[in-house]
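For reference, the structure is listed below as structure tokens.
Whatever order the structure lists them in is the order used to number ligands and atoms, beginning at 1. It should be emphasised that the depicted structure is a prediction, and the values quoted were computed from it without experimental measurement.
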Amino acid sequence: MASLKNRNFLTLKDFTPDEIREFLDLAAYFKELKKAGTPHDKLRGKNVALIFEKTSTRTRCAFEVGAHDLGIQTTYLDSTGSQIGKKESIADTASVLGRMFDGIEYRGYGQERVEALAKYAEVPTWNGLTNEYHPTQILADMLTIREHLGTEKGQKFVYMGDARYNMGNSLMIGCAKLGLHFTACAPEKYWPNSELVEQCKEWAAESGGSITLSSDPKEAVKGANVIYTDVWVSMGEPDEVWAERIADLTPYKVTMEIMDLAAENAIFMHCLPAFHDHETTVGKEMGEKFHFDDMEVTDEVFQKYRTVLFDEAENRMHTIKAVMAATLGYEK
Ligand code: CP
Ligand code: NVA
């Protein structure tokens with residue numbers, strides 16, 4: 001783990017396949033300790049700041065519980081209760097936090113904000129989601145694939161929906177590095193940018209994986225081992241985009257018909273939160289306005305794969321714990 005100590009965790013682009021697998025192995029180790037009730041609070045005395053300019057359930061709880069299990073104290077900062085961005089620049093905030101904390105998590109808008117934090121804080125800085133990337137989510141997803149399918153390498157992975165945002169980008173990078181066969185399935189305007197696609201193709205060539213772009217859901221999902229989707233409108237996007245997204249992405253909804261075309265052992269995954277019924281304010285409002293019961297995934301598919309989905313959510317905690325531990329110098 002020596003190569004991971006004092007590193008930032010801003011995007012998986014910065015890590016070799018072996019380093020990514022080190023995070024996964026460490027997460028699996030921590031998961032076993034947690035299940036056995038074995039204490040692993042060797043980072044007592046450390047403090048980390050958790051900055052959330054966007055809302056969160058899983059990521060915030062994963063950082064807080066993961067930190068506390070490691071013996072680390074946490075301080076939560078949101079955009080309303082701190083000076084960040086409004087009265088103090090990211091650079092100045094980072095310089096303050098770097099004097100007090102051993103590590104910093106940031107969730108918010110452009111990737112340049114977390115990069116600036118890392119640059120000026122000079123302590124390990126972790127990306128808890130930006131518009132461009134969501135790297136901690138990918139570790140949880142890969143651990144879940146390992147647990148349910150035995151290994152991540154060689155799996156046929158199809159991402160349906162808005163593939164040019166944080167989840168599509170980060171899954172493509174993770175799959176390319178770890179040797180999965182990744183397909184982004186969406187109308188062409190929702191494909192990841194061509195520069196990133198080319199870079200991922202190079203990594204895939206080295207790892208034994210591949211990258212495919214498709215607009216044909218029925219063709220793309222044939223024989224898939226993992227079908228993955230995310231919300232059609234991400235945090236921070238304006239309400240005006242809903243109508244266009246629904247029109248563009250409805251053919252890419254994950255339905256039982258889609259799952260039936262996949263491999264026999266296929267699993268459905270989603271980073272969550274998901275719009276699969278009317279049990280949320282937004283789901284109800286949009287469902288009533290646009291006349292449907294669900295959005296990116298039907299409730300039938302969601303309920304069938306509940307175990308996978310909530311294993312995936314649980315794995316956020318074990319993998320985020322591994323990221324903090326490895327970069328803060330935890331010794332097994
Ligand atoms: N998947 C994920 O990042 O969930 P939260 O937005 O609840 O943190
Ligand atoms: N694309 C989603 C991911 C949520 C975990 C968003 O940015 O809102």
Supply the members, apart from Val65, of the Ile/Leu/Val/Met/Phe/Trp/Tyr cluster built from side-chain contacts under 4.5 Å; use none for a lone residue. Met317
Could you tell me whether some N/O pair between Tyr165 and ligand 2 is separated by less than 3.5 angstrom? no
For Asp14, does its backbone N or O pair with a side-chain atom of Arg7 as donor and acceptor, under 3.5 Å? yes
Students should be able to answer this: which protein heavy-atom is nearest to atom 7 (O) of ligand 2, and at what distance? Asn166 ND2, 2.8 Å
Min N/O separation Ser234 to ligand 2 under 3.5 Å: yes
For the CD atom on Glu288, are there more than 12 heavy atoms of other groups (residues, nucleotides or ligands in this structure) within a distance under 6.0 Å? yes
Side chain, backbone, both or neither: which part of Leu272 has a heavy atom under 4.0 Å from ligand 2? backbone
Got a donor-acceptor contact below 3.5 angstrom from the Asn169 side chain to the Glu132 backbone? yes
Per-pair distances, ligand 1 N/O vs protein N/O, less than 3.5 Å:
| residue | atom | partner | partner atom | Å |
| --- | --- | --- | --- | --- |
| ligand 1 | 1 (N) | Gln137 | OE1 | 2.9 |
| ligand 1 | 1 (N) | Cys271 | O | 2.9 |
| ligand 1 | 1 (N) | Leu272 | O | 2.9 |
| ligand 1 | 1 (N) | Arg316 | NH1 | 3.3 |
| ligand 1 | 3 (O) | Thr59 | OG1 | 3.0 |
| ligand 1 | 3 (O) | Arg107 | NH2 | 2.9 |
| ligand 1 | 3 (O) | His134 | NE2 | 2.9 |
| ligand 1 | 3 (O) | Arg316 | NH1 | 3.1 |
| ligand 1 | 4 (O) | Arg58 | NE | 2.8 |
| ligand 1 | 4 (O) | Leu272 | O | 3.4 |
| ligand 1 | 6 (O) | Arg107 | NH1 | 2.9 |
| ligand 1 | 7 (O) | Thr57 | N | 2.7 |
| ligand 1 | 7 (O) | Arg58 | N | 2.8 |
| ligand 1 | 7 (O) | Arg58 | NE | 3.2 |
| ligand 1 | 7 (O) | Arg58 | NH2 | 3.0 |
| ligand 1 | 8 (O) | Ser56 | OG | 2.6 |
| ligand 1 | 8 (O) | Arg58 | N | 3.4 |
| ligand 1 | 8 (O) | Thr59 | N | 2.9 |
| ligand 1 | 8 (O) | Thr59 | OG1 | 2.7 |
| ligand 1 | 8 (O) | Arg107 | NH1 | 3.4 |
| ligand 1 | 8 (O) | Arg107 | NH2 | 3.1 |

Worked verdict on Phe30 versus His40 for ring pair (Phe, Tyr, Trp, His ring centres under 6.0 Å): CA-CA 8 Å; Phe30 281 136; His40 41 284; 5.4 Å; yes
So among Val254, Val297, Val301, which one has a side-chain contact (heavy atoms from CB on, under 4.5 Å) with His276? Val297
Consider every N or O of Asp230 and every N or O of ligand 2, then say whether any pair is closer than 3.5 Å. yes
Using a plain distance cutoff, I'd like to know if Met235 has any nitrogen or oxygen under 3.5 Å from a nitrogen or oxygen of ligand 2. yes
Going by the order shown, which atoms of ligand 2 are within less than 4.0 Å of some heavy atom of Leu129? 3 (C), 4 (C), 5 (C), 7 (O)
Is the NZ or CZ atom of Lys177 both under 6.0 Å from the centre of the six-membered ring of Phe15 and within 45° of that ring's axis? no
Does Lys321 make a cation-pi contact with Tyr29, if we ask for NZ or CZ under 6.0 Å from the ring centre and within 45° of the axis? no
Between Tyr106 and Phe52, does the ring centroid distance fall short of 6.0 Å? no
